[in-house]
**Student:** 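One structure follows; several queries about it will come next.
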2 protein chains.
Amino acid sequence: MSTPSIRAASVKDVATAAGVSLGTVSNVLNRPDRVSAATRERVERAMVDLGFVRNESARQLRAGTSRTLAYVMLDAGNPFFTDVAQGIEAAAEAAGLSLVLCNSGQLAARESRHLDLFQQQRVQGLLVTPIDPESPTLGAVRDRGTPLVIVDRTRDDTTFCSVAVDDVLGGRLAIEHLLDRGHTRVAFVGGPLGIGQVRDRLQGARLAWADAGLPVDDLTVVITDSLDVDAGRGAGQRLAGLPSARRPTAAFCANDMTALGLLQQAISSGTRVPEQLAIVGYDDIQFAAAAAVPLTSVRQPRVELGRAAAALLIDEAGNDGHEHQQVVFTPELVARESTRT
Amino acid sequence: MSTPSIRAASVKDVATAAGVSLGTVSNVLNRPDRVSAATRERVERAMVDLGFVRNESARQLRAGTSRTLAYVMLDAGNPFFTDVAQGIEAAAEAAGLSLVLCNSGQLAARESRHLDLFQQQRVQGLLVTPIDPESPTLGAVRDRGTPLVIVDRTRDDTTFCSVAVDDVLGGRLAIEHLLDRGHTRVAFVGGPLGIGQVRDRLQGARLAWADAGLPVDDLTVVITDSLDVDAGRGAGQRLAGLPSARRPTAAFCANDMTALGLLQQAISSGTRVPEQLAIVGYDDIQFAAAAAVPLTSVRQPRVELGRAAAALLIDEAGNDGHEHQQVVFTPELVARESTRT
DNA sequence: TTGTAAGCGTTATCAT
DNA sequence: ATGATAACGCTTACAA
């Protein structure tokens, strides 16, 4: 049993206890092969006796290298981002690195606090899903020496590595699926348009609509204030209020939370899904498949997204010949009950 | 614009650039009042010119104090824990501390890796929702000097601070609610029984059942392998297979994920909820209210749980007269459509 | 108000 | 195979 001491045991304490020099202790820590089995054992015993815990600050200061990656999430409450984090962690673990997480919660002040902290900690690299991908603070981080990759967002220039999913294509897929099912009056539900991804998904929807040669007015656009469940409910009421001749027979929602809200409103008001209203969501979160009417959704390769981001970061941090890459993944439509013909 | 240099600028570099001594630079960092406005300004200019980022390892090594708390989550994909984390972060932020997160994902190896890492980083304190609250590794952490509080779990002894919710009472509330609604054949759905919380919720259910003087056999117990959506679906099929005379008219699920699965199975097989099957969940996650039939659920004060845990930890880390406390919160039943009479 | 210098715990180089 | 010693970048007395 170790005795909680007033001051944590240091290598020096271990050395004294084991009757060896401090350098030898460091060797059992870092090059165990360089030390004889007998002394190694003695040192290791002393370590557990004293409850020795290596001081990472000192190690890092001297060695000049950190063994951790950090991911600043946009919204830890959204299952999408925790899946991305899981992919990052898998890649980090495979490379012998640890991942620590932080949540900006969409607050710029918190985002920059966390960015600062991690820079000061000299993490090997930083992943971030930024509130604003164009923000100059990201460039500042990298200029100061911390490799940084942008996750699930893109930037207009190519000065960063980034991984994202083709949202224009995703919008296309959703609408093409509904057209295939014979729908000719469709609603896009989502917002605000300040979010680049919402814009892209809408654009993709419009492109597919135009390609089909349908009257542009038959694609109703319902802009919401946010992308949560309440927004979906509200949109449902707005759709229900339309004259039946103009009422859409299908809706494409900019994310699953919104789609779930719309679904709930429909069911509780007696609208049958998919017979009277087909619904397509976006993200394919776990709850989409588990909804009362399993939701057709555009799936993004979340875990793979994280994995790729981590790989890019590890390359940027370790490879001198590194060149920035903007990786764009392809989304995929998962058809379920909510759009069954 | 700062120039990305081959080696990060140090206080010494800043001192040289500003034409002052290294001690003065440190003063503008730590005691800005001790230095004249003129030199302070000069030093600050030099800092931005050089893109100076304070080295936290060196700071911490010398000052001996960390400004961060860490939370090792059990399952980052479960919205319950991210809400808890939010409460922790709020309390940490209020105390001028940062919070970093890690996910054990129910893997003991990962849990202990993360625990090790944070100990080595000498974080001010550690919060953890452990895979096994009785594990001796928790005691080892604390013995080695890192304050640790247990979150959403309890331990048999009182050697730790902990915060949890009264699960026996929660089970009681669920069953009493169903009894109030007139149900006399009820199923408990959840498992495995290795999880203390599942045991407690079941125990509460049984106590309430016994108090009502009903035949013990009329409380059907359906044990599941896990607490996810699939488990709920499977349980639904098992219930449907019972002879109608013995088939429960209501089910109490050990968490919302399971309840959502049960609900989905019921709806897709034509069982009307709540008319033919009433459902009570547990946790009151956001998706519970957003389900096709909004779910009655036992709510735990998640954010408050986190806040309280952080407060305990901060006290343990900073207050010499600290005494361990086991805080137990009271759950609350939120009635919704799924149990409407 | 500012400068000087010691030391935090570790790693790594060089002797032995 | 092991021991002595000089950094790493910073904070903090203490001296000027």
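Owing to the predicted nature of the structure, the values given are computational and were not obtained by experimental measurement.
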**Student:** What one-letter contact string describes nucleotides 1-11 of chain D from 5' to 3', where B marks a base within less than 4.0 Å of any protein heavy atom, S marks contact via sugar-phosphate atoms alone, and - marks no contact?
**Tutor:** SBB-BBBBBBB
**Student:** Can you sort out the partners of R34(A) under side-chain hydrogen bond (donor to acceptor under 3.5 Å, both in side chains), two or more places apart, ordered by chain and number?
**Tutor:**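 With neighbours one apart ignored, the set is empty.
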**Student:** Residues in side-chain contact (heavy atoms from CB on, under 4.5 Å) with A311(A), at least two apart?
**Tutor:** none
**Student:** Can you name the residues that form a salt bridge (Lys or Arg N to Asp or Glu O under 4.0 Å) with R40(B), not counting sequence neighbours?
**Tutor:** none
**Student:** Name all residues meeting the salt bridge (Lys or Arg N to Asp or Glu O under 4.0 Å) criterion together with D157(B); count only those two or more places apart in sequence or in a different chain, and write none if there are none.
**Tutor:**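 D157(B): salt bridge (Lys or Arg N to Asp or Glu O under 4.0 Å) contacts with R155(B).
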**Student:** Without placing hydrogens or testing angles, list every side-chain donor-acceptor pair under 3.5 Å for residues 60-69 of chain B, not counting sequence neighbours.
**Tutor:**
unit_1	atom_1	unit_2	atom_2	d
Q60(B)	NE2	Q121(B)	O	2.6
T65(B)	OG1	R59(B)	NH2	3.2
S66(B)	OG	T68(B)	N	3.0

**Student:** Would you please name every residue forming a side-chain hydrogen bond (donor to acceptor under 3.5 Å, both in side chains) with R153(B), sequence neighbours left out?
**Tutor:** Q197(B)
**Student:** Does anyone know the first and last nucleotide of DNA chain C in reach of chain A, 5' to 3', at under 4.0 angstrom to a heavy atom?
**Tutor:** dG9(C) to dT13(C)
**Student:** Taking CD in E134(B) as the centre, count heavy atoms belonging to other residues, nucleotides or ligands within less than 6.0 Å. Is the count above 12?
**Tutor:**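 Correct, the count exceeds 12.
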**Student:** May I have the list of side-chain donor-acceptor pairs in residues 76-85 of chain A shorter than 3.5 Å, sequence neighbours left out?
**Tutor:**
unit_1	atom_1	unit_2	atom_2	d
N78(A)	OD1	F80(A)	N	2.9
T82(A)	OG1	P79(A)	O	2.9
D83(A)	OD2	R302(A)	NE	3.3

**Student:** To the nearest 10°, let me know how far the axis at one end of the helix from dT1(C)-dA16(D) to dT16(C)-dA1(D) is tilted from the axis at the other, five pairs an end.
**Tutor:** 40°
**Student:** Restricting to side-chain hydrogen bond (donor to acceptor under 3.5 Å, both in side chains), what partner residues turn up for D75(A), sequence neighbours left out?
**Tutor:** none
**Student:** Would you please name every residue forming a side-chain hydrogen bond (donor to acceptor under 3.5 Å, both in side chains) with S26(A), sequence neighbours left out?
**Tutor:** N30(A)
